[in-house]
Student: 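Right, I'll just put the structure down here and ask away after.
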Amino acid sequence: MEVTSRSKVGQRRRARPTLACVSCRKSKIRCDRQHPCGACTRSRHKTCVFEELRDPASRRSGVVSSTSDTSGLPESQRQGPGPVTPASTTLTAHEHDDDHERARVPPLHKPDSSILDTEVRDANAILNRLFQLERRLDESTAAREPQPPETRDKLSRPEGLLIESYLAADIHATSRGVFSKTRYFGQSHWMNGIIHFKSILELFEHQSKDARSEAMAVLNRCKALARTIKAQRSPSIINKFGTNIPPRHVVDKLVDAYLRTLETVFRVLHVPSFRRDYERYWAAPDTVGMPFVIQLQLVMAIGCTIYDNEFSMRKSAVQWVTEAQYWLLGPPLKGKLTSAGLQNMVLLTLARETASVGGDLVWIHVGSLLRSAFYMGLHRDPSRLPKMSRLDAEIRRRLWNTILELELKTSIDSGGFPAISPDIADTRLPADLDDTDLTEVEESTSAETSGKFTDMSIALALRDSFRERLAIYRMLNATPFQGSYDETIRLHHRLITVFKALINKLKTYASAERQPTSFQRRFVEIMIRRCLMSLHLPYLGPALKDPAFSFSRKQVTESAVKMYHLLFPSVSHGVERPLIPGGDGLEILSTEGDDLSRFAVCASGFWRLLASQPSMVIILELQTTMQEENSLELPTARPDLLRIMRHSLPYYLTRIKAGETNVKGYLFTTALAGHVQALMDGLSGSQILEPMLSAAIKTEKTCFDILKQQLASTDVEDVNMGDEQFDWGSLGMDDDDWGDNMMVGSFFDVSSVECFLGGFDATPPSMAV
């Protein structure tokens, strides 16, 4: 009987879908199907709800089919627990498009129960509100600390933390980057970590406002000497190329220095062809073209960096780099779009960093290099182009591989988003062959692999990790930032897996007749560990306060320690040095026989960051662990971290001896060392200031004496000498290329703190001042 009555009720139901809201249907009035509808608005109903559209089978059974089409609804609404979704003034715009996209949820089995309907409607309203609050919370926590009240009225400044310092000028820390003067630096740039040293910067800012400050007086005299020295190094107007070639025995050493170091990791030249032209040049200089002369000078400019510990040929290196820039700008521009022209552009990229000729702006030059490579079709595999010799095909593949590495490397240093992706080219990997195996015969369709250690093995080993490193730096410097901690851990495991495979591959060459050099092994590992450190650096700030990110803190610290030991192996078994250097106790690092250490001491840009950035991470960890220690005894420091900090002071001093004119990096590190020493001595409050300022003043006086000696030993030349001028317009050379005017007042002008990325808001360790 009950079954019969239910079937009759089912037959009396309309076949067409119900489109009116629940209130209008019960009142039996016309519904305009708006959301909320006009009738509910006029009657001031708090809710206007609609039943879910159901298929006939579900209407007869009273249950919504599991295959109902809800793909057009948001996921949070498809999975809702109740029969209806209330109309709310807080709904987003996309929820008002049309009836089919309204928020609806499957009905319960007893839709006639008014009490149950009310409870479900209230539950859905709470869920919607909770969803919106969580979304707003996520958006708000992505931003950094709000701007101080006194700076909110300055419309020219972006939102975020503002740091004003004599050493740093105005630096605006935005949510995922730093804006300084006219440049924006993404998360991979060292200036993002400046907030961790805010208290130190404020100390120097206070000193700069004191007219009687001895520290600022000596620093200003050092800056004046530095400008004079740089002016003397700047070359005069160039009227002729290739006139400043040293004797052959010197050139042989410079060429060999380049070929045994950078050429083995960034493949540019076909060495047998280069040596053949090199012999022709010495036999008859007029028989070689100008492209080779420029190429030879750039090779020598890079070799000068590791010629000796003092970089005695720095002025010649600057001269050769400048000649290459002039040559590339001169007519005919189309004549530079050759393999030799592209090789010279790559060499110029490397030489500008080693010779410190606008090294921190080299990413702009690499952008031109990348587009030149596209214009010449290097992104297409030679097998898809007109037939060419095997030698020409492999040179094109090698150049493309090197250009990709340089684009990634320089974008990291500049804090920029890499302008490449894994799928922009179909060029195959270069063959794992020695240079002597490449001939002029026609290109083969199949790549060959020798199975032994070759001239290309290191470059190919780096390429094996390229996709993972690119993914990491694209995430770090993307705008807007789309990463998360889960994504960071996932990328960490991917990189570690590739890194282990790379290490195992290099170990297989240990028993071979030919093995990787110490420079090659250490360089590859540094590149991977630097990427690993950069990946976790945005979480270093939160990790100093929240143990949930302790894994990132450990990864950053251990990667920094390993990088520093790879650069300077002697730090692990060096002599015990005083933390604060004294008058005659200053020590200069010896890099004799170690090319990688000498690059770190004499070169700039990327090479300078390899040592200074890890050292600042280590100093921060030292300060933090000592301040976190709760004990009645004096705080103790990790011995391995303390050794690196002691080693970093002679490192900066050796850089100044080698021609570095920016003394702020040495000054800042000495002040930090004074702070650590004060903590170790149990000092607190204002007692910490005196040892810090005393150490800083001693450092400045030492630097002033070194700069005076450099000025006295430099031949003073007339920068305006030369009557002849080029007749092809402006050469695009201005004072910005020579460093000091480029970031006047900027925080250490890249030789500085070289510290770490601070993508999250973090309170710097207190100096207890």
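This one's a predicted model, so the numbers in the text were calculated from it and none came from an experiment.
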Student: Below 4.5 Å, heavy atoms only, C-beta onward: do Ile644 and Asp640 meet side chain to side chain?
Tutor: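 Heavy-atom side-chain distance check fails, nothing below 4.5 Å.
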Student: For the residue pair Met616 and Leu672, establish whether any side-chain heavy-atom pair is separated by less than 4.5 Å.
Tutor: yes
Student: Test side-chain contact (heavy atoms from CB on, under 4.5 Å) on Arg494 and Val498; report intermediate values, then the result.
Tutor: CA-CA 6 Å; Arg494 280 181 55 187; Val498 173; 5.8 Å; no
Student: May I ask you to test the Val561-His565 pair for a side-chain heavy-atom distance under 4.5 Å?
Tutor: yes
Student: Main chain of Phe311, side chain of Arg598: is a donor-acceptor contact present, judged purely on distance under 3.5 Å?
Tutor: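 Judged by distance alone, no pair lies under 3.5 Å.
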Student: Please report the closest heavy-atom contact between Pro542 and Phe549, naming both atoms and the distance.
Tutor: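 What the structure gives for the nearest pair is CB-CD1, 3.7 Å.
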Student: Using modelled atom types and a 3.5 Å cut-off, is there a donor and acceptor pairing between side-chain atoms of Ser414 and backbone atoms of Ser411?
Tutor: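 The answer is no, because no donor-acceptor pair under 3.5 Å joins these two groups.
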Student: Is a side-chain donor or acceptor of Asp681 paired with a backbone partner of Leu683 at a separation under 3.5 angstrom?
Tutor: no
Student: What verdict does the side-chain contact (heavy atoms from CB on, under 4.5 Å) test give for His492 and Ser552, after you've listed the backbone C-alpha separation in whole Å, the side-chain angles of each residue and the deciding distance to 0.1 Å?
Tutor: CA-CA 10 Å; His492 169 90; Ser552 289; over 6 Å; no
Student: So Lys409 and Thr349, do their side chains get closer than 4.5 Å, heavy atoms only?
Tutor: no
Student: Are Thr654 and Glu660 packed together at the side-chain level, in the sense that at least one heavy-atom pair is separated by less than 4.5 angstrom?
Tutor: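 Heavy-atom side-chain distance check fails, nothing below 4.5 Å.
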Student: Can you list the steps and then say if Phe551 with His536 is a ring pair (Phe, Tyr, Trp, His ring centres under 6.0 Å)?
Tutor: CA-CA 9 Å; Phe551 177 74; His536 290 277; 5.5 Å; yes
Student: When rounded to the nearest 0.5 angstrom, what distance separates CD1 in Ile420 from CZ in Arg474?
Tutor: 8.0 Å
Student: Under 3.5 Å, is there a donor-acceptor pair between the side chain of Ser694 and the main chain of Glu690?
Tutor: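 Not a single qualifying donor-acceptor pair exists.
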Student: With a 4.5 Å heavy-atom cut-off, do Leu361 and Arg352 have their side chains touching?
Tutor: yes
Student: Would you say Gln520's side chain and Thr517's backbone share a donor-acceptor pair under 3.5 angstrom?
Tutor: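 It does hold such a pair.
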Student: Once rounded to the nearest 0.5 Å, what's the spacing between atom OG1 of Thr624 and atom CG of Leu540?
Tutor: 7.5 Å
Student: Could you go through the salt bridge (charged side-chain N to carboxylate O under 4.0 Å, His left out) check for Glu525 and Arg522 one step at a time?
Tutor: CA-CA 5 Å; Glu525 187 169 353; Arg522 291 155 60 195; over 6 Å; no
Student: Between Arg608 and Glu353 (side chain of the first, backbone of the second, donor and acceptor by atom type, cut-off under 3.5 Å), is there such a pair?
Tutor: no
Student: What's the verdict on side-chain contact (heavy atoms from CB on, under 4.5 Å) for Glu468 and Cys531, showing C-alpha distance, side-chain angles and the deciding distance?
Tutor: CA-CA 9 Å; Glu468 284 69 26; Cys531 185; over 6 Å; no
Student: Could you walk me through whether Glu558 and Arg638 pass the salt bridge (charged side-chain N to carboxylate O under 4.0 Å, His left out) test, one step at a time?
Tutor: CA-CA 12 Å; Glu558 298 308 318; Arg638 275 180 55 176; 3.6 Å; yes
Student: Does any N or O in the side chain of Arg521 come within less than 3.5 Å of the main-chain N or O of Pro516, such that one atom is a donor and the other an acceptor?
Tutor: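 Yes: the side chain of Arg521 pairs with the backbone of Pro516.
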Student: Is the shortest side-chain N to carboxylate O distance from Glu405 to Arg463 below 4.0 Å?
Tutor: no
Student: Find the distance between CG (Leu610) and CE (Met527) and round it off to the nearest 0.5 Å.
Tutor: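 Here the rounded value is 8.5 Å.
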Student: Does Arg529 reach the main-chain N or O of Ser559 with its side chain, forming a donor-acceptor pair under 3.5 Å?
Tutor: no
Student: Check Thr669 against Ser648 and note the closest heavy-atom contact, atom names and distance.
Tutor: CG2-OG, 3.8 Å
Student: Compare every heavy atom of Gly416 with every heavy atom of Asn477, then report the nearest pair and how far apart it is.
Tutor: ND2-O, 2.9 Å
Student: Looking only at heavy atoms, what is the nearest atom pair of Tyr473 and Pro418, with distance?
Tutor: O-CD, 4.1 Å
Student: Find the distance between CG (Leu609) and OG (Ser615) and round it off to the nearest 0.5 Å.
Tutor: 10.5 Å
Student: Within a 6.0 Å radius of atom NZ on Lys505, are there more than 12 heavy atoms belonging to other residues, nucleotides or ligands?
Tutor: yes
Student: Does Arg469 count as lying over the ring of Phe466, i.e. NZ or CZ under 6.0 Å from the six-ring centre, within 45 degrees of the axis?
Tutor: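 No, a cation-pi geometry is absent between Arg469 and Phe466.
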Student: Distance-only, no hydrogens or angles: does the Arg655 side chain make a donor-acceptor pair with backbone N or O of Val601 under 3.5 Å?
Tutor: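 Confirmed, Arg655 side chain pairs with Val601 backbone.
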Student: Does the side chain of Phe704 reach to within under 4.5 Å of the side chain of Leu707, using non-hydrogen atoms?
Tutor: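 Sidechains of Leu707 and Phe704: no contact.
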Student: First locate atom NZ of Lys657, then atom CG of Leu653, and finally report the distance between them rounded to the nearest 0.5 Å.
Tutor: 7.0 Å
Student: For the side chain of Thr354 and the backbone of Ala351, is there at least one donor-acceptor N/O pair under 3.5 Å apart?
Tutor: yes
Student: Check step by step if side-chain contact (heavy atoms from CB on, under 4.5 Å) holds for Ile458 and Thr264.
Tutor: CA-CA 7 Å; Ile458 295 298; Thr264 65; 5.8 Å; no
Student: How about Phe523 and Phe266: are their ring centres within less than 6.0 Å of each other?
Tutor: yes
Student: At what distance, to the nearest 0.5 angstrom, does CD1 of Ile306 lie from OG of Ser597?
Tutor: 11.0 Å
Student: List the atom of Leu495, the atom of Ile528, and the distance in Å for their closest heavy-atom pair.
Tutor: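 Closest approach of Leu495 to Ile528: CD2-O, 4.1 Å.
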Student: Taking the side chain as everything from C-beta on, heavy atoms only, tell me whether Tyr652 gets closer than 4.5 Å to Ser612.
Tutor: yes
Student: Would you say that more than 12 heavy atoms from the other residues, nucleotides or ligands in this model lie under 6.0 Å from the CD of Glu633, or not?
Tutor: no
Student: Of the non-hydrogen atoms in Leu589 and Asn309, which two are nearest, and what is the gap between them?
Tutor: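 Closest heavy-atom pair between Leu589 and Asn309: O-ND2, 3.2 Å.
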